[in-house]
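Structure, as structure tokens:
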Amino acid sequence: MCGIVGYVGKRTAQNVLVNGLKRLEYRGYDSAGIATLDDEDNPHVARSVGKIAELENVLLAKPHEGHLGIGHTRWATHGGVTVSNAHPHHVGNIYLVHNGIIENYKELKESLSGYKFNSDTDTEVLAALIDKNYTKGVSLKDAVAKAVKQVRGTYGIAVFSPNEPDTIVVARLGSPLIIGIGNDETIIASDASALLGYTREAIYLNDGEIAVCTGKGAEVFNLNLKHLNPNHETIEGDVEQIQKGGYDHFLLKEIMDQATTLHNTLSGRIDPANGTMHLGGPNLTAEEMRNINHVVIVGCGTAYYAGLLASYYMEQLVPDLTTEVVVASEYRYRSFHLPKNSVALIVSQSGETADTLACLREIKKRGVKTLGIVNVVGSTIAREVDGGTYVHAGPEISVASTKAFTAQVVAMVMFAGMLAGYHGGNVELVSKITNELAILPKEIEKVLRTHHDEIKALAKKYVKYNDALYLGRDTAYPIALEGALKLKEISYVHAEGYPSGELKHGPIALVDDTFFEIFDIIDNWLFDKSIGGLHEVRARGGKTIVFTNSKADIETDDIVRIKSKITILAPLLLNTLQQLFAYYVAVGRGNDVDQPRNLAKSVTVE
Ligand code: F6R
């Protein structure tokens with residue numbers, strides 16, 4: 001995600017900011033910038049699209065003097081990847097960098113008459129709001145506090161104004177900010193790795209806190225401006241350890257981060273009180289929404305499986321709809337026909353997958369509306385679709401896709417929930433799923449925490465097997481496919497996913513004591529049938545592991561049983577545990593889990 005740095009002290013701010021931004025590069029970004037104050041208190045801004053090296057070229061041509069400044073690496077959320085959307089943003093007397101999402105930025109923008117906006121970002125609106133509050137006699141700290149109280153969403157911000165040239169004000173809600181206390185210098189960052197080399201003494205700002213930073217240190221307040229006495233902590237570890245958030249691999253971090261990333265996917269899009277969901281991006285009129293009669297979902301690999309799972313929910317939510325989920329590399333060459341009033345969901349984490357992009361272009365040629373379900377903002381697919389939604393999962397660094405899967409399914413479920421509203425669909429189910437979505441981030445966090453050690457031990461037990469079958473029915477079938485894909489790509493164990501109803505049609509011939517079989521079993525109307533498949537495998541000597549949310553007694557070698565209020569979306573919970581299982585099997589086999597052999601993160605060729 002985006003990264004923030006700030007500096008006030010005796011060194012040349014530009015150098016500290018650029019070094020700090022380089023330390024944050026691993027998080028993924030598409031543009032970068034800094035704003036500084038020179039020794040005559042004149043502000044200077046430099047921004048560029050692309051790598052930090054581009055920003056360095058800009059600064060080489062026109063270096064910044066001065067000892068105070070803020071910097072940012074941007075991973076686009078609102079607005080494309082352009083210099084004018086890059087941070088820092090400058091409005092009136094305010095210079096601002098921001099991580100997070102301002103959900104009510106449109107409402108706020110309407111209330112800010114008299115301001116001219118130069119970007120498409122929510123951040124510029126926040127800068128204007130602070131500027132509006134920064135009236136005569138009001139300090140920057142007070143203006144920031146007043147402004148952020150009006151904000152709905154998440155933020156980590158660093159702000160300065162030439163009017164108070166020795167001060168940077170920072171604030172946080174749901175987006176980390178750390179203040180490094182040095183010797184006559186203060187360094188601010190969204191990630192402790194940017195502080196190393198300057199200091200190990202730090203204040204970790206809490207949600208709802210604001211701090212005034214000068215070269216002499218930092219004073220911390222709550223939003224009612226009550227003075228607080230924060231703990232000064234010691235930053236442990238080296239740069240690499242900190243970047244992985246203390247985890248051994250990015251993959252593990254991305255699995256464990258899913259509660260946070262999902263919060264971003266859902267932010268501002270569900271209304272549990274009214275039991276409704278709403279996505280802003282489809283760009284379809286009410287009439288077009290009402291007329292949709294067929295949805296084709298296109299993707300590759302994990303994105304395809306996300307589409308498959310979403311289609312099960314879509315059919316239940318909007319009964320007058322037909323759905324079709326297709327593998328992009330096949331579909332692009334088929335003589336496909338789509339009924340009038342179809343809509344295509346183009347699913348891609350990277351937004352650059354060649355086959356998916358080719359399908360998008362083929363579908364557009366047939367005059368069908370295309371909607372992107374994309375993670376990387378400004379990617380080719382995001383630019384070429386007619387509308388769509390970003391899944392806001394943040395950068396996925398590890399090659400295997402994990403948090404993007406969960407976010408993609410959720411985004412498509414929200415699309416279906418919204419569609420149901422226009423089609424007089426299953427309103428009761430929309431409401432139930434909305435309520436499940438509202439608690440899903442917390443439940444994912446709980447399930448991952450509760451079962452972590454158990455999964456680790458399970459992976460150790462099965463680490464030597466070279467073959468696995470993953471089986472599931474209904475909504476557990478797509479996660480059986482996804483579970484098998486995750487295992488094979490990072491552990492190199494041969495794994496196949498099957499609908500368990502297909503066992504007798506072939507795969508049961510494979511069962512012997514060299515295989516293990518994972519059964520994903522959801523406690524629903526097909527429970528007994530799933531148990532039937534399990535018995536068939538056990539009767540032939542298969543070693544079985546059951547992942548389930550059922551309380552029933554189940555005869556099996558091993559069982560991972562989750563307890564959760566989530567029932568309809570339970571496959572998403574089970575899937576996160578399968579991700580963890582694949583991770584620990586791969587680690588146990590000594591593999592490079594973040595860069596598995598033969599695979600690339602973004603498949604931009606056929
Ligand atoms: C699996 C994986 C791949 C991708 C597929 C599509 O872990 O990473 O199967 O899901 O290559 O990539 P995107 O979503 O970028 O289009």
Side-chain angles (χ1 to χ4, degrees), residues 2 4 6 31 33-38 40-47 49 68-72 74 76-175 208 210-212 221 223-225 267-268 278 280-281 283 377:
C2 308
I4 287 179
S31 53
I34 64 168
T36 55
L37 275 181
D38 67 22
E40 277 77 48
D41 304 338
N42 298 310
H44 300 272
V45 178
R47 299 185 291 180
V49 164
L68 178 146
I70 54 179
H72 192 260
R74 174 173 189 252
T77 55
H78 290 96
V81 181
T82 61
V83 170
S84 55
N85 286 338
H87 302 208
H89 285 282
H90 163 218
V91 180
N93 275 316
I94 296 300
Y95 292 78
L96 168 75
V97 290
H98 164 227
N99 286 355
I101 298 176
I102 310 293
E103 287 169 16
N104 57 337
Y105 80 104
K106 284 193 182 134
E107 290 155 44
L108 292 172
K109 200 169 184 175
E110 278 162 21
S111 73
L112 290 163
S113 55
Y115 282 94
K116 190 177 163 296
F117 293 95
N118 298 310
S119 78
D120 311 315
T121 64
D122 50 343
T123 302
E124 197 186 13
V125 174
L126 179 57
L129 189 64
I130 297 172
D131 186 68
K132 187 180 167 193
N133 284 292
Y134 195 29
T135 48
K136 212 161 176 240
V138 175
S139 70
L140 183 59
K141 170 193 74 173
D142 293 10
V144 170
K146 264 192 177 168
V148 294
K149 278 180 169 177
Q150 296 172 59
V151 158
R152 226 178 36 241
T154 54
Y155 56 82
I157 53 171
V159 192
F160 75 77
S161 168
N163 294 357
E164 294 177 50
D166 305 317
T167 304
I168 299 174
V169 173
V170 296
R172 96 159 246 181
L173 186 73
S175 192
I210 181 166
V212 178
F221 305 84
L223 291 186
N224 295 323
L225 304 177
S267 194
H278 182 79
N283 280 349
V377 174

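All of these numbers come straight from a predicted model, not from anything done at the bench.
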Check for a donor-acceptor pair, side chain of [X] on one end and backbone N or O of [Y] on the other, with a separation under 3.5 Å.
| X | Y | result |
| --- | --- | --- |
| E164 | S139 | no |
| N99 | G156 | no |
| N104 | Q150 | yes |
| T154 | I101 | yes |
| N133 | L129 | yes |
| D122 | I102 | yes |
| H72 | C2 | no |

NZ/K109: more than 12 non-hydrogen atoms of other groups inside 6.0 Å: yes
From K136 atom NZ to N163 atom CG, the distance as rounded to the nearest 0.5 Å: 11.5 Å
V148/L173 under side chain to side chain contact (heavy atoms under 4.5 Å, CB included): CA gap, chis, key distance, verdict: CA-CA 9 Å; V148 294; L173 186 73; over 6 Å; no
Evaluation steps, side chain to side chain contact (heavy atoms under 4.5 Å, CB included), between Y105 and L126: CA-CA 8 Å; Y105 80 104; L126 179 57; over 6 Å; no
Side chain to side chain contact (heavy atoms under 4.5 Å, CB included) evaluation trace for H98 with E124: CA-CA 9 Å; H98 164 227; E124 197 186 13; over 6 Å; no
